[in-house]
2 protein chains.
Amino acid sequence: MAEDQGGDVNQGKKTRRRGAALERAILQAAAEELAEVGYSNLTMDAVAARAGTSKNVIYRRWPNRAALSVAAYRQMLPTDPKDTPNAGDLRSDALALLNRANDRLSSPAGKILREILSDIQNDPDRVREIHGQLVNVGVAPWLTILARATARGEVGPEALTPRVASVAVDLLRNEYVINGVTKVPASTIIEIVDQIFLPLVRAHR
Amino acid sequence: MAEDQGGDVNQGKKTRRRGAALERAILQAAAEELAEVGYSNLTMDAVAARAGTSKNVIYRRWPNRAALSVAAYRQMLPTDPKDTPNAGDLRSDALALLNRANDRLSSPAGKILREILSDIQNDPDRVREIHGQLVNVGVAPWLTILARATARGEVGPEALTPRVASVAVDLLRNEYVINGVTKVPASTIIEIVDQIFLPLVRAHR
DNA sequence: GGCAATACGATACTGCTCGTATCCTACTCG
DNA sequence: CGAGTAGGATACGAGCAGTATCGTATTGCC
């Protein structure tokens with residue numbers, strides 16, 4: 001068994017890594033640093049040291065700290081699909097989805113994402129990179145539960161737009177932007193669903 | 001030949017400022033720096049130089065760059081009340097308010113605000129300081145136009161909650177968080193009003 | 001199998017900026 | 001009018017991004 005996983009530190013360093021293997025080792029190291037100290041405290045020196053390489057090699061692959069962090073963050077995502085809730089009524093499904101989003105956003109990974117997002121506002125390339133990858137994915141399950149609700153006659157088909165579908169998550173995200181780091185309380189989740197989401201989709205009928 | 005050794009052309013400070021006057025001068029200098037180079041490029045050295053003082057004096061009043069910037073930002077706000085639009089129908093008023101918010105958010109001041117907000121997420125004191133001052137103020141006019149619409153019978157009184165009132169601005173703010181710096185296009189404004197805000201408030205009836 | 005090109009890794013260095021320390025001096029207040 | 005306080009100039013330590021150099025392991029080509 002060769003230690004082709006860049007995982008643990010190769011104390012002996014028999015061989016000098018290159019190409020893809022090295023790249024994986026760097027991303028792994030960067031992801032670990034992100035998890036341990038967060039984006040704002042992540043330093044290129046630390047990543048290089050942890051990966052057992054030098055900053056030079058990193059800068060040959062990513063133009064700056066932000067780009068490396070974005071790439072590393074994408075590595076550390078769960079990627080398990082997590083089936084869409086289907087309780088039989090729209091309110092339960094919406095609450096489940098929104099609570100799930102809240103868990104994601106308040107998790108360490110969520111904190112990291114928000115740190116990165118805020119630091120790259122003036123780097124359109126990076127923003128687009130994260131946008132398509134991370135933000136949009138959340139809309140699909142909402143469209144699914146709305147489609148089921150439509151089939152049940154709970155709401156009209158006019159509610160099946162991305163804007164309507166994403167409204168709850170958008171408002172939740174806004175809570176984090178406005179209030180800072182703390183986790184959004186359950187009461188706010190319920191408020192968003194009962195005062196905004198449900199009245200809105202039922203209006204489209 | 002420079003006669004500026006020691007004493008220059010005698011616009012030299014006759015008197016050494018102190019207390020409130022000095023504080024105002026520093027905030028003024030900081031506000032100018034914010035306007036010229038933005039928050040992320042604002043340096044304490046530059047502020048001190050522009051104010052004709054030294055960093056020492058600044059740090060005696062504010063604990064760090066973020067706190068100074070927040071204080072300076074509050075100085076540079078317009079504070080002109082800007083009367084609430086009253087066109088006679090809710091849609092026009094909502095569009096007017098939302099366009100106004102869009103102008104504010106896309107202005108240099110808006111960019112600065114977003115830069116600051118993103119940099120102080122781990123500084124709860126600072127977040128609260130900005131929150132109460134800047135974020136909440138936007139809700140009042142929305143409650144006003146909703147109240148007028150209620151009086152006209154356009155919507156029911158259940159729509160008169162802060163959450164409903166702020167939903168359009170919240171969604172707009174979210175656009176900036178997600179999409180980065182560019183100004184949100186008019187089509188998005190209309191979408192928010194016609195797909196979200198109006199159906200929502202009419203549902204409360 | 002040998003050799004040149006290339007990528008790695010170590011180290012050092014520049015440049016920038018925050019925040020602090022020192023020391024002198026102008027001004028205020030008793 | 002003298003002591004204490006606050007302002008101002010300057011220097012400094014520390015941390016970190018990003019760049020430059022240089023020797024060397026590795027690889028791919030012949």
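The figures that follow rest on heavy atoms only: side chains count, while hydrogens, waters and symmetry mates do not. Everything numeric in this text was worked out from a predicted model, so none of it was measured. Sequence lines set the chain letters: A, B, ... in the order given, protein chains first and strands last, and positions in each chain run from 1.
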Between [X] and [N], does any side-chain N or O lie under 4.0 Å from OP1 or OP2?
{"X": "A:Thr15", "N": "D:dT26", "result": "yes"}
{"X": "B:Arg60", "N": "C:dT20", "result": "no"}
{"X": "A:Thr53", "N": "C:dC8", "result": "no"}
{"X": "B:Arg61", "N": "D:dG7", "result": "yes"}
{"X": "A:Arg18", "N": "D:dA25", "result": "no"}

Quick one: do A:Asp170 and A:Arg173 make a salt bridge, cutoff under 4.0 Å?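 Salt bridge between A:Asp170 and A:Arg173, a charged N being under 4.0 Å from a carboxylate O: yes.
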
Would you call B:Arg163 and A:Glu175 a salt bridge, using N to O less than 4.0 angstrom? yes

Could you give the [atom1]-to-[atom2] distance, from [X] to [N], as a whole number of Å?
{"X": "A:Ile58", "N": "D:dG18", "atom1": "CD1", "atom2": "C1'", "result": "12 Å"}
{"X": "B:Leu22", "N": "C:dC27", "atom1": "CG", "atom2": "P", "result": "13 Å"}
{"X": "A:Arg65", "N": "D:dC16", "atom1": "CZ", "atom2": "C1'", "result": "9 Å"}
{"X": "B:Met44", "N": "C:dA21", "atom1": "CE", "atom2": "C1'", "result": "16 Å"}
{"X": "A:Arg16", "N": "C:dC8", "atom1": "CZ", "atom2": "C1'", "result": "4 Å"}

Between the base of C:dT22 and the side chain of B:Asn56, is there any donor-acceptor pair under 3.5 Å? yes

